[in-house]
Amino acid sequence: MVDMRVFRDEVSGWAAGGSSGGPAGELAARLGVRTAVLLEGPSDLAAVETLAARRGRDLAAEGVCVVPMGGAMSVARYAGLLGPPGLGLRLAGLCDAGEQGFFDRGLTRARAPRRGIFVCVADLEEELIRALGTPKVEEVVETEGDLRAWQTFVRQPAQHGRSREQQLRRFLGTKKGRKIRYGRLLVEALDLDEVPAPLDDLLASL
């Protein structure tokens with residue numbers, strides 16, 4: 001049975017120039033895809049899908065495909081393929097404040113409205129850490145067996161003088177796959193009435 005992951009993989013191949021848009025269009029029609037959510041990377045994907053599951057949402061069944069683009073610089077390409085010039089899907093997304101310009105320019109080029117894009121103050125990890133508070137994030141780190149690595153990390157000279165929030169945010173990016181894993185774990189640890197506004201508003205808009 002074809003599922004949304006197949007469509008997402010086909011879109012990634014199309015964006016990379018490895019295929020034409022025909023198969024993606026056919027899959028979109030078969031799956032009833034109506035919305036593409038453009039995200040910078042897989043850690044954002046993990047967070048969005050985890051929150052959707054916690055709220056009892058099945059995004060795929062609702063015709064929503066969440067697409068990690070491999071960086072904000074790819075947004076013009078994905079918006080062109082999936083938005084009005086391409087498959088004609090409604091576009092939504094989540095971005096870091098520092099990358100908002102890429103989204104604005106990409107959506108303008110694709111003639112797509114920007115009202116579905118929600119902006120994190122720094123990035124999603126910073127939003128999640130702030131929402132949870134550093135003690136609770138450190139509890140998650142300890143539960144996951146990363147306490148020793150965390151303690152070693154904060155003793156590094158480069159971390160002296162940084163706030164606990166800054167240290168935690170940097171720690172999550174120091175090992176391959178850690179940001180993805182904690183994208184899920186931090187959302188799982190949230191009270192549902194304390195979800196950061198950009199993430200909460202994105203899901204509510206879909």
Participant: State yes or no: do L87 and L39 share one hydrophobic cluster built from I, L, V, M, F, W and Y residues joined by side-chain heavy-atom distances below 4.5 Å, directly or via other members?
Facilitator: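 In one cluster: no.
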Participant: Of all the heavy-atom pairs spanning L190 and P196, show the shortest one and how long it is.
Facilitator: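 Smallest interatomic distance, heavy atoms only, reads CD1-CD, 3.9 Å.
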Participant: Tell me every residue that passes side-chain hydrogen bond (donor to acceptor under 3.5 Å, both in side chains) with T174, counting only those two or more places apart in sequence or in another chain.
Facilitator: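 side-chain hydrogen bond (donor to acceptor under 3.5 Å, both in side chains) check on T174 returns R178.
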Participant: Just jot down the salt bridge (charged side-chain N to carboxylate O under 4.0 Å, His left out) partners of E40, sequence neighbours excluded, or say none.
Facilitator: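 Salt bridge (charged side-chain N to carboxylate O under 4.0 Å, His left out) list for E40, sorted by chain: empty.
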Participant: Please find the pair of heavy atoms, one from A47 and one from L124, that lie closest to each other, and give the distance.
Facilitator: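 In this case the closest contact between A47 and L124 is CB-CD2, 3.6 Å.
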Participant: Could you go through residues 55-82 and list every donor-acceptor pair under 3.5 Å that involves a side-chain atom there, pairing it with any protein atom two or more places apart or in another chain?
Facilitator:
residue : atom : partner : partner atom : Å
R55     : NH2  : L192    : O            : 3.0
R55     : NH2  : D200    : OD1          : 2.8
R57     : NE   : E62     : OE1          : 3.2
R57     : NE   : E62     : OE2          : 2.9
R57     : NH1  : L203    : O            : 3.2
R57     : NH2  : E62     : OE1          : 2.8
R57     : NH2  : L206    : O            : 3.1
D58     : OD1  : A60     : N            : 3.3
D58     : OD1  : A61     : N            : 3.2
R77     : NE   : A15     : O            : 3.1
R77     : NH2  : W14     : O            : 3.1

Participant: Any salt bridge (charged side-chain N to carboxylate O under 4.0 Å, His left out) pairs touching residues 185-199, not counting sequence neighbours?
Facilitator: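 Listed by first then second residue: R184-E188.
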Participant: When rounded to the nearest 0.5 angstrom, what is the spacing between CD1 in I180 and CG in D44?
Facilitator: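 Rounded to the nearest 0.5 Å, the CD1-CG separation comes out at 10.0 Å.
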Participant: Could you work out, with side-chain hydrogen bond (donor to acceptor under 3.5 Å, both in side chains) as the rule, every residue matching S163, not counting sequence neighbours?
Facilitator: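 Applying side-chain hydrogen bond (donor to acceptor under 3.5 Å, both in side chains) to S163 gives Q166.
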Participant: Might you point out which heavy atoms bring Q151 and V154 nearest each other, and give the distance in Å?
Facilitator: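 Taking Q151 first and V154 second, the nearest heavy atoms are O-CG2, 3.3 Å.
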Participant: I'd like to check the side-chain hydrogen bond (donor to acceptor under 3.5 Å, both in side chains) partners of D123; sequence neighbours left out, ordered by chain and number.
Facilitator: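 Scan of D123 (side-chain hydrogen bond (donor to acceptor under 3.5 Å, both in side chains), adjacent residues dropped) gives R169.
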Participant: Considering only heavy atoms from C-beta outward, does the side chain of L199 approach that of V187 to under 4.5 Å?
Facilitator: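 Yes, close enough: below the 4.5 Å cut-off.
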Participant: Would L172 and L186 count as a side chain to side chain contact (heavy atoms under 4.5 Å, CB included) if you check the C-alpha gap in whole Å, the side-chain angles of each, and the deciding distance to 0.1 Å?
Facilitator: CA-CA 11 Å; L172 296 185; L186 297 185; 4.0 Å; yes
Participant: Using residues 88-117 as the side-chain source, report each donor-acceptor pair under 3.5 Å to any protein atom, sequence neighbours left out, with the distance given to one decimal.
Facilitator:
residue : atom : partner : partner atom : Å
R90     : NH1  : S205    : O            : 3.2
R90     : NH2  : S205    : O            : 3.0
T108    : OG1  : D104    : O            : 2.8

Participant: Under the salt bridge (charged side-chain N to carboxylate O under 4.0 Å, His left out) rule, what pairs show up with a residue in residues 136-145, not counting sequence neighbours?
Facilitator: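 Qualifying pairs: E138-R164, E144-R181.
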Participant: Quick one: side-chain hydrogen bond (donor to acceptor under 3.5 Å, both in side chains) partners of E127, sequence neighbours excluded?
Facilitator: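 R130.
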Participant: Hey, could you give me each pair passing ring pair (Phe, Tyr, Trp, His ring centres under 6.0 Å) that has a residue in residues 131-183? Not counting sequence neighbours.
Facilitator: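 Listed by first then second residue: W150-F171, F153-F171.
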Participant: What heavy-atom pair brings S43 and K179 nearest, and what distance separates the two atoms?
Facilitator: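 Looking at all heavy atoms of both residues, the shortest contact is CB-O, 3.4 Å.
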Participant: List in chain and number order the residues that pass side chain to side chain contact (heavy atoms under 4.5 Å, CB included) with E49, two or more places apart in sequence or in another chain; answer none if no residue qualifies.
Facilitator: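 E49 satisfies side chain to side chain contact (heavy atoms under 4.5 Å, CB included) with R8, L45 once adjacent residues are dropped.
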Participant: Tell me, which pairs form a salt bridge (charged side-chain N to carboxylate O under 4.0 Å, His left out) where one or both residues lie in residues 148-163, sequence neighbours left out?
Facilitator: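 Non-adjacent pairs meeting salt bridge (charged side-chain N to carboxylate O under 4.0 Å, His left out): zero.
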Participant: Is a donor on one side and an acceptor on the other found under 3.5 Å between the side chain of D201 and the backbone of A204?
Facilitator: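 No; judged by distance alone, with no hydrogens or angles, the pair does not exist.
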Participant: Identify whether L185 and L147 are in the same connected component of the hydrophobic contact network (ILVMFWY, side-chain heavy atoms under 4.5 Å).
Facilitator: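 Both belong to a single hydrophobic cluster.
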